[in-house]
Every structure is written in structure tokens, then in C-alpha cells.
Amino acid sequence: MAEQIIKGIFASEGITKSDRVLHTAGAFAKKYLLYVQEAGILESLMPHICRREHLDSYLIFEVLEGKGTIVYEGITYEIRKGECIWIDCDPAFEHISSEKEPWKLSWIHFNGNCAREFYRLFRERNSSPVFLPADASGIQKLLEQVLYAVKNNASELEVHSLLTQLAAACIRPVDEKGMMKDIREYINANFTESGLVQMLSERFRVSRQEMEDMFSGSFGIGLRDYILSRKFHAAKEQLRFTIQPVEEVIAKSGIGNEDLFYQLFREYEGTSPEEYRRSWAQWIKD
């Protein structure tokens, strides 16, 4: 891994594949508008560290595919597909793509008359520079429109309008209902993982208590109860449709505890796991 990391920003052949455009704003735009400095789409072909500091610029990017990490203000953030970041580029920062899941980014460096105030408002509402947007597809579309506009020499006023919409979309709070749906889908795909509640808290960047309160309010069932119900459902399926020993079912369902396993069957099915299997398993013949 260490030998594969390329430090620096100049040699990019075979390391990244990008479609980018540089832009120099006019005097009027620099004084009164938001304007683009650089924009593009970058696909990482191998891990490489990009380090910058003391840039008079603001950076917004969205991870379109894969994942990576960014170090900003002394904190390391892991960023995954669908997540975005907005930072002031004056403090030192660095980012690197994942080796196993290299990322593809849509990004923009910009500045202008009200950029600092937009960023201040964003950070007042978001303690972290990394965020899960209310409308990820909307942000992606705006980033694409900005890139297209600059490439095609659109007016500075048109670019300013798109950047204002982009800033507003980033400042909007996360759509809690949408986030709860994403959390439920993540649970459905990963319910056998240990430490799942903490994983969810870190992935969706919300405190455990707040997440549990929102989940209960959205679905009428507690977060931990929902996770346990998914494990119990998986256990019943394995008893009915496989010949795995009970010990393996306990492990593979994610329940992991024999006493809890038997307690769940007594409480919800009024029988033991073995009796449940004898009653329901299609492969058992008298």
C-alpha cells in the first residue's frame, strides 16, 4: 500500500482520470458574485495523497462512486458514495481514495462576494464538513451544470446563480425521513454485523440517541428492536429452509446468544426452535 501512494499533485497519468476546467473570473464577478476557480470530475485509478493549504478557495465535492478519507482541521473523515464535503481551503487538508473501492468525485473550487458567509452558515448547521445531503442527486446535477456552464463560457451571472443554488442545497438540513429510509435499508443488508448501532451512527453522522429517537418516530418501532426482529426473521428462515444445525443458525442469524435465541422463540412463537423447525420445515418428513 505505502509503495502505491503517490505524494504530490503533479504526476497524474495512470493515477487519476479527470475531466476538469479552470476559470478566471472577471473583475465584476470577483467583486460582486460567486465564481468558479476550477471544476471537474475525477476518477481515482490508484491511491494517491493530495495535500493543499492556504488556498483562497472553497471546495465542495460529492462522492459519486467508491469511498476515501479526508483529513481536515486535525480530524480524519471517511467519505462514502452519496456523501459530500464543503471546506474552507485555507487550513491544511489532504484526501486519499480507498485502495479497494477507489472513488469518483464531482467537485468544484469557488469563491466570491458571499462565499465566506454561505460557508459560515453551513458550518453553523453542520458541526462536520462532511454531510449526507437531503437531495444527493440534486447536488450532483448542480455540480454537472456548473461544469457544463463554465466549459461553454456561460455568463458570470448564470454561473453565480448555479453556485447560489448549490450552496443553498448544501446548507439545507438532511431530510430525516430519507435518512431513516437509508438507515433501514442499511440495517436490512447488514443486520448480522456486530456493533451495528455504532456503525450506523458513524456512517450517517448522527448521535445514537438522536438516531434511535428519529427511527422510532418514523417507523413506530425502536431501532434495536428492529435490528433484533430482522435477526429473528433470518433465524426462522434458516430453520425452515436449511438443514443447518441450531448452533449455526444462532451464529449466522446474528443473534449470537443461545439463551436469547431460545427466549425469542418462546416469547414470539410459543415453542422451541427445534419444535418450530419440525412444524414448519418443508424438508422434514414424518
Side-chain angles (χ1 to χ4, degrees), residues 1-2 4-12 15-25 34-112 114-133 136 139-140 142-143 146-147 150 163 166-167 169-171 174 202-205:
M1 172 70 174
Q4 292 180 307
I5 295 176
I6 308 299
K7 297 182 179 180
I9 62 173
F10 299 105
S12 61
I15 301 170
T16 63
K17 182 168 62 176
S18 64
D19 175 17
R20 71 174 66 202
V21 60
L22 306 183
H23 179 68
T24 302
L34 293 175
Y35 57 88
V36 171
Q37 297 163 310
E38 189 174 298
I41 296 175
L42 179 145
E43 183 177 353
S44 180
L45 303 178
M46 63 180 294
H48 69 289
I49 294 176
C50 178
R51 292 193 177 101
R52 301 267 182 97
E53 64 179 324
H54 303 318
L55 293 182
D56 186 17
S57 179
Y58 294 88
L59 169 65
I60 293 175
F61 72 70
E62 179 178 6
V63 181
L64 304 178
E65 297 175 9
K67 63 182 182 180
T69 58
I70 184 165
V71 180
Y72 186 67
E73 296 178 328
I75 301 174
T76 300
Y77 302 93
E78 182 172 325
I79 314 176
R80 306 168 181 85
K81 178 180 177 180
E83 293 184 315
C84 302
I85 189 165
W86 184 355
I87 60 172
D88 177 353
C89 297
D90 183 52
F93 68 95
E94 64 180 51
H95 56 76
I96 180 171
S97 170
S98 164
E99 181 177 20
K100 294 183 178 180
E101 299 179 55
W103 61 14
K104 181 178 180 181
L105 310 175
S106 182
W107 55 273
I108 183 169
H109 276 284
F110 71 102
N111 213 326
C114 51
R116 183 172 298 280
E117 291 308 305
F118 272 130
Y119 182 69
R120 179 187 60 78
L121 182 58
F122 165 73
R123 289 306 301 267
E124 283 179 357
R125 299 189 179 189
N126 298 271
S127 58
S128 167
V130 178
F131 63 100
L132 187 67
I139 287 182
Q140 181 180 343
L142 283 166
L143 288 166
V146 170
L147 179 60
V150 176
L163 289 173
L166 177 62
C170 293
I171 291 169
V174 171
E202 293 173 357
R203 178 177 180 81
F204 292 94
R205 306 185 191 282

At what distance, to the nearest 0.5 angstrom, does CD of E43 lie from CD of E65? 6.5 Å
Which residue, I79, I85, L64, V63, forms the side-chain contact (heavy atoms from CB on, under 4.5 Å) with L105? V63
F110/I60 under side chain to side chain contact (heavy atoms under 4.5 Å, CB included): CA gap, chis, key distance, verdict: CA-CA 8 Å; F110 71 102; I60 293 175; 3.7 Å; yes
So which heavy atom on G82 is nearest to which on L132, and how close? O-CD1, 4.0 Å
Output the distance between atom NE2 (H95) and atom CZ (R51), rounded to the nearest 0.5 Å. 11.5 Å
Pairwise side-chain contact, N111 with Y58, heavy-atom cut-off 4.5 Å (strictly under): yes
Show, in sequence, the C-alpha distance, side-chain angles and deciding distance for V36 and V21, and conclude whether the side chain to side chain contact (heavy atoms under 4.5 Å, CB included) test is met. CA-CA 10 Å; V36 171; V21 60; 5.8 Å; no
What heavy-atom pair brings A115 and L34 nearest, and what distance separates the two atoms? N-CD2, 3.6 Å
Nearest 0.5 Å, please: how far is CG in L166 from CZ in F118? 10.0 Å
About how many Å separate CD1 of I108 and CZ of R20, when rounded to the nearest 0.5 Å? 13.0 Å
Just wondering, more than 12 heavy atoms not from R116 lying within 6.0 Å of its CZ? no
Residues forming a side-chain hydrogen bond (donor to acceptor under 3.5 Å, both in side chains) with D88, sequence neighbours excluded: none
Test side chain to side chain contact (heavy atoms under 4.5 Å, CB included) on L147 and L143; report intermediate values, then the result. CA-CA 6 Å; L147 179 60; L143 288 166; over 6 Å; no
Worked check of side chain to side chain contact (heavy atoms under 4.5 Å, CB included) between L59 and F93: CA-CA 11 Å; L59 169 65; F93 68 95; 4.2 Å; yes
Interatomic distance, E62 atom CD to Q140 atom CD [nearest 0.5 angstrom]: 5.0 Å
Partners passing side-chain hydrogen bond (donor to acceptor under 3.5 Å, both in side chains) against R123 (at least two apart in sequence or in another chain): Y119
Residue set satisfying ring-ring contact (aromatic ring centres under 6.0 Å, His included) with F61, at least two apart, ordered chain then number -> W103
For the student: nearest non-hydrogen atoms of D56 and Q37, plus distance: O-NE2, 3.0 Å
With side chains defined as the heavy atoms from C-beta onward, is the minimum distance between W86 and I171 less than 4.5 Å? yes
Nearest heavy-atom contact between S44 and P102 is O-CB, 3.4 Å
Note: Y77 and S128 closest approach over all heavy atoms is CE2-OG, 3.4 Å
Nearest-0.5 Å distance, CG of residue D19 to CD1 of residue I41: 6.0 Å
Could you pull out the closest heavy-atom pair between E78 and E83, with the gap in Å? O-OE1, 3.8 Å
